[in-house]
Amino acid sequence: QVHLVESGGGLVRTGRSLRLSCVASGSIFRIGDMGWYRQAPGKQREMVATITRGGSTNYADSVKGRFTISKNNTKNTVHLQMNSLKPEDTAVYYCHADTSRRFWGQGTQVTVSS
């Protein structure tokens with residue numbers, strides 16, 4: 001079992017930055033990939049960024065060049081640095097961790113005002 005807790009969401013204006021964090025606990029030695037998804041009102045959950053156990057990253061086209069995913073293995077933490085935020089980035093952001101199944105955090109709200 002893996003437990004994930006996200007933090008760092010909030011309300012910001014267009015063009016500003018936020019840094020999301022996700023702390024994993026439990027069976028962390030089983031974790032492979034980790035990452036972030038988001039879900040805007042009335043829309044499906046979509047992948048934002050992922051990072052493999054080896055550190056390879058993947059990004060949605062909509063966030064490439066603006067968002068950066070990183071991880072701190074010592075602290076069992078994954079971060080999402082979000083720069084140049086746009087109103088369309090407004091969503092609940094969810095952290096995930098993959099073992100033989102996918103675990104999700106509770107989500108953190110990001111709101112970008114124009």
Side-chain angles (χ1 to χ4, degrees):
Q1 195 79 0
V2 175
H3 185 56
L4 303 170
V5 178
E6 301 107 329
S7 62
L11 171 63
V12 296
R13 290 192 178 272
T14 297
R16 302 302 292 270
S17 299
L18 279 175
R19 180 177 168 88
L20 305 183
S21 296
C22 172
V23 180
S25 60
S27 300
I28 56 174
F29 60 95
R30 296 182 181 276
I31 294 175
D33 295 355
M34 296 187 72
W36 295 89
Y37 276 61
R38 66 186 180 187
Q39 188 167 19
K43 294 188 177 181
Q44 289 190 330
R45 192 174 294 192
E46 62 175 1
M47 188 275 290
V48 176
T50 61
I51 187 165
T52 68
R53 191 182 185 95
S56 297
T57 59
N58 186 42
Y59 297 93
D61 288 342
S62 59
V63 306
K64 283 181 180 176
R66 299 189 297 124
F67 291 11
T68 303
I69 189 171
S70 61
K71 64 177 181 175
N72 184 324
N73 291 325
T74 302
K75 297 183 178 180
N76 307 316
T77 303
V78 172
H79 301 286
L80 185 67
Q81 178 67 42
M82 306 186 294
N83 298 329
S84 303
L85 283 162
K86 304 175 181 180
E88 50 263 45
D89 294 319
T90 295
V92 178
Y93 284 70
Y94 297 91
C95 174
H96 75 85
D98 297 343
T99 59
S100 57
R101 54 159 285 194
R102 174 159 288 181
F103 295 89
W104 295 97
Q106 82 286 354
T108 185
Q109 177 70 46
V110 172
T111 303
V112 185
S113 64
S114 57

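Below, each value reflects all heavy atoms present in this structure, side chains not excepted, and no hydrogens, waters or symmetry copies. Note that the structure is predicted; figures quoted are calculated from it, not measured. Residue numbers start at 1 and run along the sequence shown.
- From Asn73, atom CG reaches atom CZ of Arg53 across 8.0 Å, with rounding to the nearest 0.5 Å.
- A search for side chain to side chain donor-acceptor pair (under 3.5 Å) contacts involving Gln39 returns nothing, not counting sequence neighbours.
- Gln109 contributes atom CD, which lies 7.5 Å from atom OG1 of Thr90 (distance to the nearest 0.5 angstrom).
- Sorted by first then second residue, the salt bridge (charged side-chain N to carboxylate O under 4.0 Å, His left out) pairs that include residues 1-17, not counting sequence neighbours, number zero.
- With sequence neighbours left out, the side chain to side chain donor-acceptor pair (under 3.5 Å) criterion links Tyr37 to Arg102.
- Counting only residues at least two apart or in different chains, disulfide (SG to SG under 2.5 Å) contacts with residues 49-91 are absent.
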Which pairs of donor and acceptor atoms, one on a side chain in residues 55-63, lie under 3.5 Å apart (sequence neighbours left out)?
| unit_1 | atom_1 | unit_2 | atom_2 | d |
| --- | --- | --- | --- | --- |
| Tyr59 | OH | Ile69 | N | 2.9 |
| Asp61 | OD1 | Lys64 | NZ | 3.1 |
| Ser62 | OG | Arg38 | NH2 | 3.4 |

Acceptor/donor pairs from residues 80-87 side chains to any protein atom, 3.5 angstrom cut, sequence neighbours excluded:
| unit_1 | atom_1 | unit_2 | atom_2 | d |
| --- | --- | --- | --- | --- |
| Gln81 | NE2 | Asn83 | OD1 | 2.9 |
| Asn83 | OD1 | Ser17 | OG | 2.9 |

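- The heavy-atom pair separating Gly9 from Leu20 by the smallest distance is N-CD2, 3.6 Å.
- Val23 and Phe103 fall into different hydrophobic clusters, where Ile, Leu, Val, Met, Phe, Trp and Tyr residues are linked whenever their side-chain heavy atoms come under 4.5 Å apart, directly or through other members.
- The CH2 atom of Trp36 sits 13.0 Å away from atom OG1 of Thr50, with the distance rounded to the nearest 0.5 Å.
- Nearest approach of Ser113 to Leu11, heavy atoms of both residues: CB-CD1, 4.4 Å.
- Considering only residues two or more places apart in sequence or on other chains, Asn76 meets the side chain to side chain donor-acceptor pair (under 3.5 Å) condition with none of them.
- Using bins of under 30°, 30° to 60° and over 60° for the plane-to-plane angle, the ring pair Tyr93/Phe67 lands in the tilted bin.
- Every pair passing disulfide (SG to SG under 2.5 Å) that includes a residue from residues 17-102 is listed here, sequence neighbours excluded: Cys22-Cys95.
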Tabulate below the donor-acceptor pairs under 3.5 Å that side-chain atoms of residues 25-35 make, not counting sequence neighbours, or state none.
| unit_1 | atom_1 | unit_2 | atom_2 | d |
| --- | --- | --- | --- | --- |
| Ser27 | OG | Gln1 | N | 3.3 |
| Ser27 | OG | Gln1 | O | 3.4 |

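- The salt bridge (charged side-chain N to carboxylate O under 4.0 Å, His left out) analysis of residues 66-76, with sequence neighbours excluded, yields the pairs Arg66-Asp89.
- When the salt bridge (charged side-chain N to carboxylate O under 4.0 Å, His left out) test is applied to Glu88, no partner is found at least two apart in sequence or on another chain.
- No single ILVMFWY cluster, assembled from side-chain heavy atoms under 4.5 Å apart, contains both Val12 and Val92.
- Of all heavy-atom pairs between Val2 and Ala24, the closest is CG1-CB, 4.4 Å.
- For Ser21, the side chain to side chain donor-acceptor pair (under 3.5 Å) test picks out His79, with sequence neighbours left out.
- Linking ILVMFWY side-chain heavy atoms closer than 4.5 Å, directly or via other members, places Trp104 and Met47 in a single hydrophobic cluster.
- The cluster map of Ile, Leu, Val, Met, Phe, Trp and Tyr, joined by side-chain heavy atoms under 4.5 Å apart, puts Tyr94 and Val5 in different clusters.
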